[in-house]
Amino acid sequence: MVKSTYLLIFNITVVCGWAYVLFLCLIERYNGGDLWQVWKAIETPLKLTQTAALLEVAHSVLGVVRAPVMTTVLQVTSRVWVVWGIMVAAPAQIASTGVTIVPLGKDSIELNLMSLLLAWSITEIVRYSFFAFKELGMSPYPLLWLRYTTFIPLYPLGVASEMTMVALALPHIRKSQMWSIRMPNAFNFAFDYFLFCLLAVAIYIPGFPMLYLHMLSQRKKVLGKPKAKLL
C-alpha cells in the first residue's frame, strides 16, 4: 500500500511537471516568443522534472518497479545528460537556431528546442499518466494505446532533436574547453569534456535502435497483432 501510494504521487507529480513545461513552451510561442524566451520560461521546471526521472533508475535497481535496469539507465541518463551537460552548458547556442529538415521558406520545419520539448513532454505526460492509472488498478484502453503508440513518431523525433542540441552546443563546448581538466595538475589527471560528449554520441548510435526495437516488441506484446478487417 505504501509503495503504491508513493508511486502514484511520484507519477502524478511528474505528469504535472511535464504538463507545466508543455504549457509554458506553447504559451510562450503563442505569444510570439523566440526560442531563447522559450528556454528561459521552461529552464527551471525542465531541470526539475527531467532530473526527477533519476528516481526511476533507483526504482528499477531497488525492485520497486519491474523494469529492466540497463534500459532504464540508458533512457534516463541520456536525457538528464542532454539537459545538464548540453542545454545548461550552452543555452545561447541550443536556443538560437535549429536544423532544417523540410525547407518551406520562412516557415521551414526544423529540429530545434521546440521539437525537443514537444517530443519529450507529450511522451512523458502519456507515459506517467499510464503509470499513475496503473497504480489505481486501472488501464483505460485509449491511454494504453497512446502509451504504446505515440513513441513510434515521438521517440525518433526526440532523439533527433537531442542530437541537434548536441550539434549546436559542441562548437561552444570545444572552444570554451568547459568542464575540462588539463595537465599538469596535482592529480596527474586529464579530462576533455568535448571528447566525452563525442563518446556519449557514439553510445547513442547503437543505443537508439536497441531501445526502439525493445519498445516495438513491448507494443506487440501488449497490444497484440491487429485483427484482420471484415469485408
Would you say that more than 12 heavy atoms from the other residues, nucleotides or ligands in this model lie under 6.0 Å from the NZ of K134, or not? no
Would you mind listing every ring pair (Phe, Tyr, Trp, His ring centres under 6.0 Å) that reaches into residues 47-67, with sequence neighbours excluded? Y6-H59, F10-H59
Would E135 and K3 satisfy salt bridge (charged side-chain N to carboxylate O under 4.0 Å, His left out), going step by step from the backbone distance to the final call? CA-CA 9 Å; E135 293 305 322; K3 182 179 79 170; over 6 Å; no
Hey, what do you get for [atom1] ([X]) to [atom2] ([Y]), rounding to the nearest 0.5 Å?
X    : Y    : atom1 : atom2 : result
K221 : L216 : NZ    : CG    : 13.0 Å
R79  : Q75  : CZ    : CD    : 7.0 Å
L116 : T164 : CG    : OG1   : 8.5 Å
N11  : L136 : CG    : CG    : 10.0 Å
N188 : M183 : CG    : CE    : 3.5 Å
L46  : S121 : CG    : OG    : 9.5 Å

Would you kindly confirm whether [X] and [Y] end up in one hydrophobic cluster when ILVMFWY residues are joined by side chain heavy atoms under 4.5 Å apart?
X    : Y    : value
L55  : L62  : yes
F196 : V201 : yes
L198 : I205 : no
M70  : Y155 : no
I9   : I125 : no

Beyond-backbone contact of [X] with [Y], side-chain heavy atoms, under 4.5 angstrom:
X    : Y    : answer
Q218 : H214 : yes
I86  : L168 : no
V82  : Y204 : yes
F133 : P140 : yes
L111 : L157 : yes
I109 : T100 : no

Locate the shortest heavy-atom distance separating [X] from [Y]; write the atom from each residue and the value.
X    : Y    : result
I173 : S176 : O-OG, 3.5 Å
L146 : T150 : O-OG1, 2.7 Å
F191 : R182 : O-NH1, 4.5 Å
A89  : M178 : O-CE, 3.2 Å
P156 : F151 : CD-O, 3.4 Å
L35  : L113 : O-CD2, 3.6 Å

Just checking F208 against Y212, ring centres under 6.0 Å apart? yes
Carefully, step by step, assess Q50 and W120 under the rule side chain to side chain donor-acceptor pair (under 3.5 Å). CA-CA 9 Å; Q50 190 61 274; W120 276 4; over 6 Å; no
Checking [X] side chain against [Y] main chain: does a donor-acceptor pair fall under 3.5 Å?
X    : Y    : result
R219 : Y148 : yes
S60  : E56  : no
R127 : F131 : no
S96  : Q93  : yes
S78  : L74  : yes

Do the ring planes of F23 and Y20 sit parallel (below 30°), tilted (30 to 60°) or perpendicular (above 60°)? parallel
Would V14 and E124 satisfy side chain to side chain contact (heavy atoms under 4.5 Å, CB included), going step by step from the backbone distance to the final call? CA-CA 8 Å; V14 180; E124 299 299 54; 5.6 Å; no
Of N112, I122, I42, L24, the one forming a side chain to side chain contact (heavy atoms under 4.5 Å, CB included) with L117 is I42
Looking just at side-chain N and O atoms, do T51 and W84 make a donor-acceptor pair shorter than 3.5 Å? yes
Q177 and Y193 side chains, donor-acceptor separation under 3.5 Å: no
For the pair V166 and W81, evaluate side chain to side chain contact (heavy atoms under 4.5 Å, CB included) and give the outcome as yes or no after the intermediate values. CA-CA 10 Å; V166 174; W81 170 68; 3.9 Å; yes
List the steps, then state whether side chain to side chain contact (heavy atoms under 4.5 Å, CB included) holds for V61 with V57. CA-CA 6 Å; V61 171; V57 176; 4.2 Å; yes
Apply salt bridge (charged side-chain N to carboxylate O under 4.0 Å, His left out) to the pair D34 and R29, showing each step before the final yes or no. CA-CA 7 Å; D34 57 19; R29 290 298 268 181; over 6 Å; no
Applying side chain to side chain contact (heavy atoms under 4.5 Å, CB included) to E110 and I101, what does each step give before you reach the verdict? CA-CA 5 Å; E110 291 186 342; I101 54 175; 5.9 Å; no
